[in-house]
Student: 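Have a look at the structure that comes next, please.
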Amino acid sequence: MTQAIDRPSAKFKPTFTKLVSKEGSAEYPLKAIHICEETFAPLEVAYDYDAIREQVSRESIAKGPNSIWRYKAFLPVESENPIDVGTGMTPLVKSNRLARRLGLKNLYIKNDAVNMPTLSFKDRVVSVALTRARELGFTTVSCASTGNLANSTAAIAAHAGLDCCVFIPSDLEAGKVLGTLIYNPTVMAVKGNYDQVNRLCCEVGNTYGWGFVNINLRPYYSEGSKTLGFEVAEQLGWKLPDHIVAPLASGSLFTKIHKGFQEFVKVGLVDDKPVRFSGAQAEGCSPIAQAFKEGRDFVIPVKPNTIAKSIAIGNPADGMYALDLARKTNGNIESVNDAEIIEGMKLLAETEGIFTETAGGTTIAVLKKLVEAGKIDPEETTVVYITGNGLKTQEAVQGYISEPFLIEPKLDSFERALDRSRTLERLEWQQVSV
Ligand SMILES: *Cc1c(COP(=O)(O)O)cnc(C)c1O
């Protein structure tokens with residue numbers, strides 16, 4: 001009997017090599033650190049791209065797991081068995097009705113409202129961060145969260161058997177709080193906004209030696225967002241889009257989609273081409289959009305006041321890099337008010353059957369605004385990133401959607417209600433057409 005040949009490409013070898021400063025040339029070991037001691041710039045994971053090129057091909061990726069771990073060679077983990085709860089490979093939907101409504105020909109929706117396990121894009125970053133946390137020997141994990149991150153950290157920590165303590169602002173939506181508590185972590189609801197929560201967590205992190213996914217583990221955590229770039233390129237048939245529109249909180253996800261595209265180009269999985277990057281913020285927390293409009297290259301922190309709580313970061317860590325990326329790719333950064341955000345949520349639901357949360361409403365409303373301003377070419381292949389699920393922010397649309405018809409269990413009661421509904425529809429139709 002012949003022995004199976006152990007092909008080198010079949011064996012996983014870690015490809016991440018060190019942490020490097022985003023400004024300057026300082027290098028650091030692959031530990032739980034996130035800031036350059038010399039420049040105070042964020043640290044980023046560096047890779048051996050020759051090693052990645054040797055390990056991956058379009059075929060090997062396509063044969064991989066149906067999750068973000070099909071891109072493991074591009075992620076900062078060394079475990080043979082990373083924490084895989086089915087995160088990633090969410091649908092890329094070709095939009096018909098929303099596209100027609102907006103006058104676009106090639107619009108796609110990347111639907112992370114149905115990401116696993118907690119219905120937001122945060123499951124991507126947390127799957128990577130907790131895998132790395134386990135490798136680094138942490139037994140307690142934590143985070144400073146605007147809601148979705150707490151859901152994700154608590155759920156995936158439960159699955160991995162890690163102790164978990166999360167910090168949230170005390171005024172979050174009920175669905176986000178309940179959607180964390182169910183996994184039975186310790187939850188600290190802080191009387192303050194996200195930026196205050198984050199500052200407190202920096203102090204706690206220094207004293208307790210916990211793995212904070214978005215603080216001391218941030219270099220690894222943020223790499224998880226690259227998978228939003230990888231998946232779109234693969235799902236478009238190994239091609240890059242012309243234009244992407246995504247929400248901005250800290251600005252990390254936005255810049256990492258770009259890093260993902262660039263890495264696919266670097267190892268020869270897709271052809272290079274210019275991709276425009278446009279960002280979406282809520283007017284009540286739009287420090288990056290304001291800097292963009294005013295032509296500044298720095299971000300002035302603001303105090304958030306918007307229904308889009310999941311993206312309400314007043315002092316965005318990667319704001320400057322997001323700003324730079326939008327400018328150098330000929331994109332835009334726009335903001336919309338709370339009424340427009342609600343309209344955005346309703347528009348996506350009514351045209352595509354996707355119920356997104358306030359962050360998605362923000363992104364759709366900004367997409368619409370950019371189209372109306374002539375800043376999106378109807379022919380461009382445009383991908384809009386929907387990052388969270390509407391069932392978690394139900395209070396945002398309460399009072400802005402219709403009520404059910406309450407009827408008796410009788411045919412005539414039903415028919416009267418149907419008549420009323422048709423009259424209402426006619427009235428609405430008349431209002432729209434004037
Ligand atoms: C956290 C979050 C974002 C933005 O993330 P950043 O990487 O901090 O910019 C976008 N959408 C939703 C739903 C989020 O929870």
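Counting starts at 1 for both ligands and their atoms, following the listed order.
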Student: Which distance, rounded to the nearest 0.5 Å, do you find between the OG1 of Thr146 and the CG of Asn214?
Tutor: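 Rounded to the nearest 0.5 Å, the OG1-CG separation comes out at 9.0 Å.
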
Student: What residue and heavy atom of the protein are closest to atom 6 (P) of ligand 1, and at what distance?
Tutor: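 Looking at atom 6 (P) of ligand 1, the protein heavy atom closest to it is Ser250 OG, 3.4 Å.
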
Student: Hey, is Arg124 close enough to Asp112 for a salt bridge, meaning N to O under 4.0 Å?
Tutor: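 Result for this pair is yes, salt bridge flagged.
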
Student: Check each of Ser225, Ala249, Ser145, Ala322 against atom 9 (O) of ligand 1 and report the one with the nearest heavy atom.
Tutor: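 Selected option, by shortest heavy-atom distance: Ala249.
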
Student: Are Arg70 and Glu234 ion-paired here, with the side-chain N under 4.0 Å from a carboxylate O?
Tutor: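 Yes, Arg70 and Glu234 are salt-bridged.
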
Student: Which heavy atom of the protein is the closest neighbour of atom 1 (C) of ligand 1, given with residue, atom name and distance?
Tutor: Lys122 NZ, 1.3 Å

Student: N/O to N/O below 3.5 Å, does that happen between Leu253 and ligand 1?
Tutor: yes

Student: Please state whether Ser120 comes within less than 4.0 angstrom of ligand 1, counting heavy atoms only.
Tutor: no

Student: Side chain, backbone, both or neither: which part of Phe254 has a heavy atom under 4.0 Å from ligand 1?
Tutor: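 Near ligand 1, Phe254 shows nothing, with every heavy atom at 4.0 Å or more.
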
Student: Cation over ring, Lys22 on Tyr321, under 6.0 Å and within 45°?
Tutor: yes

Student: Looking just at side-chain N and O atoms, do Ser278 and Lys375 make a donor-acceptor pair shorter than 3.5 Å?
Tutor: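 No, no side-chain donor-acceptor pair sits under 3.5 Å.
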
Student: Which bit of Glu357 gets closer than 4.0 Å to ligand 1, counting heavy atoms only: side chain, backbone, both or neither?
Tutor: side chain

Student: For atom 12 (C) of ligand 1, what is the closest protein heavy atom, and at what distance to 0.1 Å?
Tutor: Thr387 OG1, 3.3 Å

Student: Quiz question: by atom type and distance under 3.5 Å, do the side chains of Thr306 and Asp338 form a donor-acceptor pair?
Tutor: yes

Student: Would Lys266 count as a cation-pi partner of Tyr49, with NZ or CZ less than 6.0 Å from the six-membered ring centre and within 45° of the ring normal?
Tutor: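 Verdict for Tyr49: a cation-pi partner in Lys266.
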
Student: Answer yes or no: does an N/O atom from Phe121 fall short of 3.5 Å to an N/O atom of ligand 1?
Tutor: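 By distance alone, the answer is no.
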
Student: What atoms of ligand 1 come closer than 4.0 angstrom to any heavy atom of Ala359?
Tutor: 11 (N), 13 (C)

Student: Counting only heavy atoms closer than 4.0 Å, does ligand 1 sit against the backbone of Ile311, its side chain, both, or neither?
Tutor: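 Side chain only; the backbone of Ile311 stays clear of ligand 1.
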
Student: I'd like to check whether Asn148 has a polar contact with ligand 1, where a contact means an N/O of the residue lying under 3.5 Å from an N/O of the ligand.
Tutor: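 Min N/O separation from ligand 1 is below 3.5 Å for Asn148.
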
Student: Taking the six-membered ring for Trp, are Phe230 and Phe261 ring centroids under 6.0 Å apart?
Tutor: no

Student: Quick check: Phe254 with Phe277 (ring centres under 6.0 Å apart)?
Tutor: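 Centroid separation for Phe277 and Phe254: below 6.0 Å.
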
Student: Could you tell me which atoms of ligand 1, counted from 1 in the order shown, lie closer than 4.0 angstrom to a heavy atom of Pro247?
Tutor: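 Going through ligand 1 atom by atom, the ones under 4.0 Å from Pro247 are 10 (C), 11 (N).
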
